[in-house]
Amino acid sequence: MTAYQAALCGLFASTALFYLLSLFSGLPTTIKEFFHDSNLKLNTISLTVANLALASTLAFILDGTQIFGFLYLLVPISLLAGQSVYGYLVSRMAPPELFGRGTLLTGLDTALNKSAGGQVYFQRIFVFSVGLTYLFALSYEIFVSAGLLATAIAPAPTTATEVLIELLLLTVVMIYTLTGGYRTVQRTDCAQFFFSVTFLLALSGLLISLARHQVPNLAAAPIVPTNLVTLLGFATLALTPFTAQLYGILNHAMASHQGDAKERVSLFRWARIFTFLLLIILAFSALFYNTAIGGNGAKTAVITWVTDNAKSNTATACWLAAFVAAGMGSIIMSTVDTLLITVTQAYYEGIANRDSRNVDDHGQLRNVRLSMVILWPLAFLILGVWWYTKPDTFSILFAIASPCEALAPLIVLLLVLAKRKHLHLIANANSSTYIFLFYFLMAVTLAVALYALSSHQQWTRSVGFCSLVLSSLTSLPAFIKSQRLLRNGE
């Protein structure tokens with residue numbers, strides 16, 4: 001058996017294992033069982049492995065430490081801070097009644113409609129914008145990860161190799177997610193957590209070992225970059241993990257599983273600690289390699305090592321190849337299954353305007369599964385065609401995500417006003433102009449981002465930052481007025 005064949009066996013074995021685990025998770029009989037489970041330990045594992053995406057881990061950390069040097073350490077710190085703030089908001093700031101019908105977004109939408117005496121369309125606009133961003137992020141994750149995995153299982157990987165990997169992983173994930181719902185995702189994430197963590201720690205050890213045994217290159221990465229354009233680009237990169245924790249539908253879905261505020265505190269505390277530790281260990285290892293050796297960077301060094309190992313065909317090489325393929329496959333599947341069920345829940349609540357905690361209407365469960373069978377393969381087909389026509393998908397992702405940055409200050413403002421019972425400051429029976437200012441800002445942001453994408457692509461990644469600043473300034477008048485009312489005892 002060659003190392004490439006062993007890698008392929010490792011990938012097949014891991015996918016088979018996860019499918020078999022899904023068979024023992026039980027079948028949901030209601031919409032609530034399909035979308036929710038309150039097991040705190042399993043939810044903590046699911047949130048952690050969803051944060052450990054393969055494409056962002058390898059592409060962002062390994063490349064990012066080469067470009068930005070030690071500044072890149074601020075990125076996992078930003079993610080840690082974002083989850084800390086979000087954990088505080090949903091456990092200490094959000095009133096309990098906001099979680100009555102599903103996610104926090106549903107509760108805020110209901111409260112805003114009640115305050116305005118009519119529809120303000122908050123949840124639909126929110127879910128459409130963020131859900132679209134998640135679809136593009138998910139496609140980026142799948143297609144980039146499949147390209148990395150292809151190098152481990154094929155001596156001369158082609159587009160066909162990548163497509164076959166994508167079809168295998170997506171088919172298995174779709175089957176067990178459709179049949180078992182969120183509970184199955186939880187159970188498979190436990191096994192995927194073991195493979196993912198072991199893989200990331202082994203990758204960190206590999207980078208340190210390579211740095212100690214290779215000859216330093218004159219083109220070693222800078223300790224801290226001094227180029228102004230690079231620093232401006234990093235400002236956007238460093239802020240995004242923070243703001244994404246506030247508007248991300250993944251966090252909103254996870255928070256909706258825990259009915260008790262103390263459990264939500266524990267969920268986000270342990271998930272952010274585990275995620276931060278794993279990412280910071282890998283970041284330090286990549287920094288150690290990039291600053292000591294340099295050359296083409298840590299990512300290229302890892303891919304070269306995987307390729308060279310596969311060519312040796314020794315027993316050790318075969319075991320290592322199988323482990324690498326299983327680990328990479330696990331990370332991909334753990335990210336895809338969690339986002340799959342999360343985005344489905346968000347669209348079910350936000351676009352279809354349904355209650356994800358319903359335990360009576362059994363026909364809705366059949367409708368959800370049928371919709372997933374039709375819409376998800378169609379979405380992946382469209383995104384796959386888009387990806388393989390080779391546009392700059394990463395810049396497109398930033399352009400699509402730019403309006404979402406305006407939602408981060410809005411979420412904080414709404415939770416503060418809901419806590420103080422001051423939502424009438426932003427939407428009331430006389431006027432809802434204030435909240436529509438945010439919608440207008442999102443529309444303008446998208447238009448500017450798409451214009452920048454077509455004519456000044458280097459500025460695309462800065463549009464979201466400008467939107468964040470403007471949204472924060474737009475939030476200030478309502479916050480200041482709320483402070484005055486609070487001081488007056490209102």
[X] to [Y] - nearest heavy-atom pair and separation:
X	Y	value
Met372	Pro377	O-CD, 3.3 Å
Ala255	Tyr86	CB-OH, 4.0 Å
Ser471	Ala406	OG-O, 2.6 Å
Leu410	Phe122	CD2-CE1, 4.0 Å
Asp355	Tyr348	O-CE2, 3.7 Å
Ser46	Gln186	OG-CA, 3.6 Å

Just by distance, do the side chain of [X] and the backbone of [Y] share a donor-acceptor pair under 3.5 Å?
X	Y	result
Ser78	Leu74	no
His252	Leu246	yes
Ser472	Leu468	yes
Arg369	Thr179	yes
Ser115	Ala111	no
Ser204	Leu200	yes
Thr171	Leu167	yes
Asn51	Leu47	yes
Tyr72	Leu287	no
Thr338	Thr335	no

- Task: Check the angle between the aromatic planes of His257 and His36 and answer parallel, tilted or perpendicular using the 30° and 60° thresholds.
- Result: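 His257 and His36: perpendicular rings.
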Are any non-hydrogen side-chain atoms of [X] and [Y] less than 4.5 angstrom apart?
X	Y	value
Leu282	Leu278	no
Leu79	Gln245	yes
Thr344	Thr177	no
Val336	Leu138	yes
Tyr434	Asn428	no
Leu98	Val90	no
Leu42	Asp189	no
Asn251	Gln83	yes

- Message: I'd like to know whether Thr48 forms a side chain to side chain contact (heavy atoms under 4.5 Å, CB included) with Val197, so could you lay out the CA-CA distance, the side-chain angles of the two residues, the decisive distance to 0.1 Å, and finally the verdict.
- Response: CA-CA 10 Å; Thr48 302; Val197 170; over 6 Å; no
In Å, rounded to the nearest 0.5 Å, how long is the span from [atom1] of [X] to [atom2] of [Y]?
X	Y	atom1	atom2	result
Leu450	Ile400	CG	CD1	6.0 Å
Ile45	Leu40	CD1	CG	10.0 Å
Leu149	Ile332	CG	CD1	5.0 Å
Glu349	Phe35	CD	CZ	7.5 Å
Ile411	Phe126	CD1	CZ	4.0 Å
Asn113	Gln119	CG	CD	4.0 Å

Should we count [atom1] of [X] as having more than 12 external heavy atoms under 6.0 Å?
X	atom1	value
Arg354	CZ	no
Tyr121	OH	no
Phe128	CZ	no

- Item | Derivation of the side chain to side chain contact (heavy atoms under 4.5 Å, CB included) call for Leu365 and Thr30 | CA-CA 6 Å; Leu365 181 55; Thr30 65; 5.9 Å; no
Pick one: which of [options] meets side-chain contact (heavy atoms from CB on, under 4.5 Å) with [X]?
X	options	answer
Ser285	Ile280, Ile61, Ile208	Ile208
Val49	Phe193, Phe194, Phe274	Phe193
Leu105	Ile249, Val130, Thr110	Ile249

- Would you say the side chains of Thr445 and Glu405 form a donor-acceptor pair under 3.5 Å?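 Per modelled atom types, Thr445 and Glu405 side chains form no pair under 3.5 Å.
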- Task: Could you walk me through whether Leu170 and Trp376 pass side chain to side chain contact (heavy atoms under 4.5 Å, CB included), step by step?
- Result: CA-CA 10 Å; Leu170 287 173; Trp376 276 111; over 6 Å; no
- Message: Assess the residue pair Leu104 and Phe99 against the criterion (side chain to side chain contact (heavy atoms under 4.5 Å, CB included)); give the C-alpha distance rounded to whole Å, side-chain angles, the decisive distance to 0.1 Å, and a yes or no.
- Response: CA-CA 6 Å; Leu104 180 67; Phe99 295 94; 3.9 Å; yes
- Query: Ring centres of Phe479 and His422 under 6.0 Å apart?
  - Reply: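 Distance test on ring centres: not under 6.0 Å, no.
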